[in-house]
Undergrad: 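Below is a structure I'd like to ask you about.
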Amino acid sequence: MTVKSDLRAAMRGRRKQAADANPYAAERLVEHVGAMLDALFSSTGDFATDAPDRTLTAALYGAQGSEMDAAPLARALMVHGLELAMPVVVRRDAPLVFRRWRPGDPLELDQAGCPAPLDLAGDVTPDLIIVPLLAFDASGGRLGQGGGYYDRTLEALRAVDRIPRIAAVGLAYAAQEMDNLPMDPHDQPLDGVLTEAGYRSAKRISE
């Protein structure tokens with residue numbers, strides 16, 4: 001097994017333990033949504049926009065297994081005035097697309113077998129992408145399931161000269177943090193992580 005394969009196996013177990021020990025973590029983390037949005041999108045935020053009155057869109061995943069439930073966060077983001085979207089796998093070797101979504105909208109299985117909005121919901125480019133993970137570190141390193149969907153997607157979106165830039169924030173239990181995750185050249189770093197303990201901007205190693 002590779003180092004990452006070993007880590008994934010270990011971190012699946014750790015995440016399951018964290019989920020069992022913190023059944024209300026998803027509700028607790030919404031207390032920190034305002035701080036996260038300020039850190040990202042306020043006039044002094046990392047992703048400040050030149051059109052502050054523009055409605056922002058956040059893309060959230062449908063939790064699988066012991067992943068942190070994103071549903072309470074979705075409701076909180078709507079209270080803060082954001083529109084929502086969900087990712088869709090249209091081809092296993094391609095970047096994700098994002099379709100508009102609101103709680104209660106009909107879903108269908110995408111090419112990866114995950115619930116996703118219908119095609120008629122309409123595609124959108126989000127301002128904020130909430131990313132699931134197995135582990136994270138303080139410099140923005142992320143360990144995912146190994147499918148590469150978010151890495152391909154973030155690489156493609158970050159290659160576009162877009163203002164404002166798109167923010168990628170991991171959603172996790174605080175117990176999923178590790179020191180210095182191994183990162184390959186194709187791995188895309190997170191801009192921050194939201195846990196039940198609060199929001200933290202990533203501290204890039206190069207900074």
Side-chain angles (χ1 to χ4, degrees), residues 1-33 35-36 58-77 86-89 92-93 95-96 103 107 109-116 128-155 167-205:
M1 296 179 72
T2 66
V3 171
K4 281 193 172 182
S5 295
D6 291 339
L7 273 176
R8 286 189 179 99
M11 292 309 298
R12 287 188 184 101
R14 185 188 292 191
R15 188 177 66 184
K16 180 63 165 59
Q17 291 177 344
D20 291 343
N22 299 278
Y24 301 108
E27 286 75 18
R28 288 173 55 197
L29 66 78
V30 302
E31 300 171 5
H32 310 292
V33 169
M36 177 187 73
L60 302 98
Y61 61 87
Q64 305 287 314
S66 62
E67 290 176 342
M68 179 70 83
D69 184 8
L73 175 58
R75 293 190 292 269
L77 290 171
M86 287 185 70
V88 184
V89 176
R92 285 184 173 271
D93 60 349
L96 298 164
L107 302 174
L109 297 183
D110 64 12
Q111 292 299 309
C114 298
L128 169 63
I129 300 176
I130 300 297
V131 184
L133 52 83
L134 288 170
F136 67 93
D137 65 25
S139 64
R142 169 184 173 267
L143 181 69
Q145 295 283 6
Y149 294 114
Y150 282 94
D151 289 320
R152 285 192 294 274
T153 303
L154 293 173
E155 181 180 21
V169 171
L171 190 62
Y173 297 92
Q176 291 176 253
E177 183 173 4
M178 295 189 66
D179 293 328
N180 302 320
L181 283 170
M183 296 285 284
D184 294 323
H186 65 270
D187 290 334
Q188 293 291 308
L190 299 168
D191 299 300
V193 177
L194 180 64
T195 75
E196 74 277 15
Y199 174 74
R200 291 165 54 193
S201 294
K203 298 177 181 177
R204 298 282 184 261
I205 293 174

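Values below: all heavy atoms of this structure, side chains included; hydrogens, waters and symmetry mates excluded. Fair warning: this is a prediction, and the values are worked out from it, not measured in the lab. The residues of the chain are indexed from 1 along the displayed sequence.
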Undergrad: How long is the straight-line distance from CD1 of Ile130 back to CE of Met86, given to the nearest 0.5 Å?
TA: 13.0 Å
Undergrad: Can you find a heavy atom in the side chain of Tyr149 that is under 4.5 Å from one in the side chain of Tyr61?
TA: no
Undergrad: Answer whether the closest heavy-atom distance between the side chains of Val89 and Leu96 falls below 4.5 Å.
TA: yes
Undergrad: I'd like to know if the side chain of Arg152 and the backbone of Gly147 have a donor-acceptor N/O pair within less than 3.5 Å.
TA: yes
Undergrad: Please tell me if the side chains of Leu143 and Met178 come closer than 4.5 Å, counting only heavy atoms from C-beta onward.
TA: no
Undergrad: Would you call Leu109 and Pro115 a side-chain contact if the rule is heavy atoms closer than 4.5 Å?
TA: yes
Undergrad: To the nearest 0.5 Å, what is the distance between OG (Ser66) and CE (Met11)?
TA: 10.0 Å
Undergrad: Could you give the distance from CG (Leu77) to CG (Leu128), rounded to the nearest 0.5 Å?
TA: 6.5 Å
Undergrad: Of all heavy-atom pairs between Thr195 and Ala174, which one has the smallest distance, and what is that distance?
TA: CB-N, 3.7 Å
Undergrad: What is the distance from atom CG of Leu133 to atom CD of Glu67, rounded to the nearest 0.5 Å?
TA: 8.5 Å
Undergrad: If we only count heavy atoms from C-beta on, is the Gln145 to Arg12 side-chain gap below 4.5 Å?
TA: yes
Undergrad: Who pairs with Arg200 by side-chain hydrogen bond (donor to acceptor under 3.5 Å, both in side chains), at least two apart in sequence or on another chain?
TA: Glu177
Undergrad: Step by step, work out the side-chain contact (heavy atoms from CB on, under 4.5 Å) result for Arg142 and Gln188.
TA: CA-CA 8 Å; Arg142 169 184 173 267; Gln188 293 291 308; over 6 Å; no
Undergrad: If you compare all heavy atoms of Asp110 against all heavy atoms of Pro87, which two are closest, and at what distance to 0.1 Å?
TA: OD2-O, 4.4 Å
Undergrad: Starting at CG of Leu171, measure out to CG of Leu60 and round the result to the nearest 0.5 Å.
TA: 8.0 Å
Undergrad: With side-chain contact (heavy atoms from CB on, under 4.5 Å) as the criterion, how do Leu73 and Met68 come out once you've worked through the C-alpha distance, each side chain's angles and the decisive distance to 0.1 Å?
TA: CA-CA 10 Å; Leu73 175 58; Met68 179 70 83; over 6 Å; no
Undergrad: Once rounded to the nearest 0.5 Å, what's the spacing between atom CE of Met183 and atom CG of Asp151?
TA: 7.5 Å
Undergrad: Of the non-hydrogen atoms in Val3 and Pro182, which two are nearest, and what is the gap between them?
TA: CG1-CG, 4.2 Å
Undergrad: Test your reading of the model: is there a side-chain donor-acceptor pair from Asp137 to the backbone of Ser139, 3.5 Å cut-off?
TA: yes
Undergrad: With sequence neighbours left out, write down each residue that passes salt bridge (Lys or Arg N to Asp or Glu O under 4.0 Å) with Asp179, or none if nothing qualifies.
TA: none
Undergrad: Would you mind reporting whether Asp187 and Leu181 have side-chain heavy atoms less than 4.5 Å apart?
TA: no
Undergrad: Measure from the side-chain N and O atoms of Arg14 to the backbone N and O of Ala175, and report whether any donor-acceptor pair falls under 3.5 Å.
TA: yes
Undergrad: Suppose the criterion is side chain to side chain donor-acceptor pair (under 3.5 Å): which pairs have a residue in residues 17-32, not counting sequence neighbours?
TA: Lys16-Asp20
